[in-house]
Student: 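Got a structure for you, questions after.
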Number of protein chains: 2
Amino acid sequence: MKSTNVADRVTAAALDLFATQGYATTSVQQIVEAAGVTKGAMYHYFQSKDDLLFAIYDRMLALQKAHLDQIVAAGGPVEDVVRAVCVDVVETSIDFLPEGTVFFRSMHMLTEPRLKEVTQRRREYHDAFAALLRRGQDEGVFRTDVPRPLLVAHFFSDVHYLSHWYSPEGPETKSEVAEQLTELFLRGIRTAAD
Amino acid sequence: MKSTNVADRVTAAALDLFATQGYATTSVQQIVEAAGVTKGAMYHYFQSKDDLLFAIYDRMLALQKAHLDQIVAAGGPVEDVVRAVCVDVVETSIDFLPEGTVFFRSMHMLTEPRLKEVTQRRREYHDAFAALLRRGQDEGVFRTDVPRPLLVAHFFSDVHYLSHWYSPEGPETKSEVAEQLTELFLRGIRTAAD
DNA sequence: TCGCGCAAACCGACCGGACGGTACGCCAGT
DNA sequence: ACTGGCGTACCGTCCGGTCGGTTTGCGCGA
């Protein structure tokens with residue numbers, strides 16, 4: 001499939017440039033040059049520059065949501081499920097580190113309808129996570145003296161922040177970081193009696 | 001002092017617009033109109049658009065560093081000092097929520113020399129925090145089985161993330177959030193024997 | 001097998017306009 | 001008379017997006 005290749009190369013080039021230079025400071029001309037295609041070709045596959053940004057988010061959100069659904073469907077003791085979810089989201093966020101950088105920096109640049117969709121899909125993920133915590137609280141495994149939204153924010157903050165400090169060349173491997181962050185989080189939210 | 005007033009109004013307008021629209025999508029024209037001054041007046045006090053961004057960062061970084069130094073100088077048991085630092089940085093970050101939004105979104109838009117300075121000053125803060133954790137580890141209060149940089153990142157991630165979810169109109173007050181986040185963090189990093 | 005026709009893929013010169021920044025001059029205060 | 005504070009008009013540049021046209025690939029009738 002050669003035709004799809006063009007769209008893929010454009011997406012890859014856009015991701016790379018957005019991550020290193022920022023969305024607003026990257027011109028469409030730069031993107032198409034980096035991808036080795038012409039502007040006409042690009043505008044044949046994408047509606048706008050904004051569309052490129054959305055394509056990046058779409059891919060990442062779809063993947064993470066699929067993982068989440070799968071893990072939750074597998075079932076098991078709450079804490080094990082939460083642990084698996086945490087480890088997974090940290091690991092995939094590391095796999096998609098450039099996407100994460102672009103995401104948090106440039107999400108606000110999306111035009112209204114697309115911003116709405118991205119926001120809603122993130123919310124779904126957060127809500128699913130909150131529901132897990134709720135289950136854990138009902139079962140007495142997780143503490144209830146801290147508002148649940150704060151617990152959710154406390155976890156996602158780590159995921160969010162990864163693109164600001166983690167480097168694959170650094171001393172820690174992906175799974176080490178995933179397990180250590182998960183452990184710190186779980187230790188914080190478990191009920192005192194342990 | 002009327003002359004300073006112009007610079008202040010420009011800074012305030014810039015902060016507001018950068019926080020709601022983003023740095024790149026805000027034009028100098030918009031800023032001066034919102035501030036009720038002209039471009040000539042603005043360029044009399046600031047060297048460039050980039051300079052406005054830096055002024056915002058400068059103010060926040062200076063304030064937080066001053067707080068940190070004061071708290072550390074006051075001394076006391078390690079855990080109390082760390083707790084005080086955590087609570088303070090969360091609280092001041094809430095006080096400076098728009099600044100935080102702009103900071104993390106648009107830091108990469110700064111031109112080279114200024115980016116360097118901002119980065120270095122943030123590093124100083126992180127290093128001072130890491131030194132505190134080190135002291136706690138030496139005294140056996142904090143766990144040593146997780147790399148210290150990860151502990152530091154784990155904490156600053158919460159601070160970072162505040163601008164993404166916290167709202168003064170929300171159910172939690174500033175100091176509640178500060179104490180709860182601090183508590184979650186401390187619980188995670190203390191040595192198991194408690 | 002060949003060529004015809006046609007749609008999809010692709011090209012790249014071009015457009016309108018907005019943007020950051022500057023040149024230059026006025027004017028109030030000293 | 002001279003300086004700092006400020007207003008205004010304008011400049012060069014670059015950007016996202018378009019559009020008329022060309023090429024490519026392919027189903028299909030003879």
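Letters A, B, ... are given to chains in the order of the sequence lines, protein chains preceding strands, and every chain is numbered from 1. What you see is a predicted model, and the numbers here were worked out from it, not measured in a lab.
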Student: Taking only residues two or more places apart in sequence or in another chain, which ones pass salt bridge (charged side-chain N to carboxylate O under 4.0 Å, His left out) with B:R143?
Tutor: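 Partners of B:R143 under the salt bridge (charged side-chain N to carboxylate O under 4.0 Å, His left out) test: A:E183, B:D145.
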Student: In whole angstrom, give the distance that lies between atom CG of B:L17 and atom C1' of C:dG20.
Tutor: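 Those two atoms, CG and C1', are 16 Å apart.
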Student: How many whole angstroms separate atom CD of A:Q29 from atom C1' of C:dC14?
Tutor: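 After rounding, the reported distance stands at 12 Å.
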Student: Provide, to the nearest angstrom, the distance between the OH atom belonging to B:Y43 and the C1' atom belonging to C:dT22.
Tutor: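 Rounded to the whole Å, the gap is 9 Å.
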Student: Which of these nucleotides, C:dC19, C:dG21, C:dC11, is closest to any side-chain atom of A:T38?
Tutor: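 My answer, after comparing the listed nucleotides, is C:dC11.
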Student: Under 3.5 Å, is there an N or O donor on one side and an acceptor on the other linking the side chain of A:K49 and the base of D:dG17?
Tutor: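 Such a pair does not exist between side chain and base.
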Student: Write down the distance between CE (A:M42) and C1' (C:dG12), rounded to a whole number of angstrom.
Tutor: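 Distance check: A:M42 CE to C:dG12 C1' gives 14 Å.
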Student: Under the 6.0 Å and 45° cation-pi test, does B:K49 pair with B:Y23?
Tutor: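 Yes, cation above the ring, under 6.0 Å and within 45°.
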Student: Are the aromatic ring centres of A:Y161 and B:F156 under 6.0 angstrom apart?
Tutor: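 No, too far apart.
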Student: Can you tell me how far P of D:dC15 sits from CD of A:E33, to the nearest Å?
Tutor: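 Rounded to whole Å, this separation is 10 Å.
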Student: Assuming nearest nucleotide by heavy-atom distance, tell me which of A:Q47 and A:Q30 is located more 5' along DNA chain D.
Tutor: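 Of the two residues, A:Q30 wins.
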Student: Consider the side chain of B:Y45, meaning its heavy atoms from C-beta on, and name the nucleotide among D:dG5, D:dT18, D:dT8 that approaches it most closely.
Tutor: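 Selected nucleotide: D:dG5.
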Student: Taking CD1 from B:I31 and P from C:dG21, how many angstroms apart are they, rounded to a whole number?
Tutor: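 About 10 Å, once rounded to whole Å.
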Student: Please identify each residue that fulfils side chain to side chain donor-acceptor pair (under 3.5 Å) with B:D127, with sequence neighbours left out.
Tutor: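 Listed in chain order: nothing, the list is empty.
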Student: A:H44 side chain: which of C:dG20, D:dC6, C:dC10 is closest?
Tutor: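 The answer is C:dC10, which lies nearest to the side chain.
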Student: Check every atom of D:dG17, C:dG20, D:dC6 against the side chain of B:V6 and return the nucleotide holding the closest atom.
Tutor: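 So the side chain of B:V6 is nearest to D:dC6.
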Student: What does B:T25 touch in the nucleic acid at a heavy-atom separation under 4.0 angstrom: a base, only the sugar-phosphate, or nothing?
Tutor: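 The answer is nothing, as B:T25 stays clear of every strand by at least 4.0 Å.
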Student: Nearest nucleotide by nearest heavy atom, which residue falls closer to the 5' end of DNA chain D, A:S27 or A:G40?
Tutor: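 The residue mapped nearer the 5' terminus is A:S27.
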Student: Between the base of D:dG7 and the side chain of B:K39, is there a donor and acceptor pair under 3.5 angstrom?
Tutor: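 For B:K39, whose side chain was compared with the base of D:dG7, there is no donor-acceptor pair (under 3.5 Å).
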Student: Using a cut-off of 6.0 Å, state whether more than 12 heavy atoms not belonging to A:R121 lie near its atom CZ.
Tutor: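 Atom CZ in A:R121 is crowded, with more than 12 foreign heavy atoms closer than 6.0 Å.
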Student: Expressed in angstrom and rounded to an integer, what is the separation of B:D50 atom CG from C:dG21 atom C1'?
Tutor: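 To the nearest whole Å, that distance equals 13 Å.
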Student: Could you state the CZ-P distance from B:F46 to D:dC6, rounded to the nearest angstrom?
Tutor: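 These atoms are roughly 12 Å apart.
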Student: From D:dG7, D:dG5, D:dG16, pick the nucleotide closest to the side chain of B:A41?
Tutor: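 Nearest nucleotide to the side chain: D:dG7.
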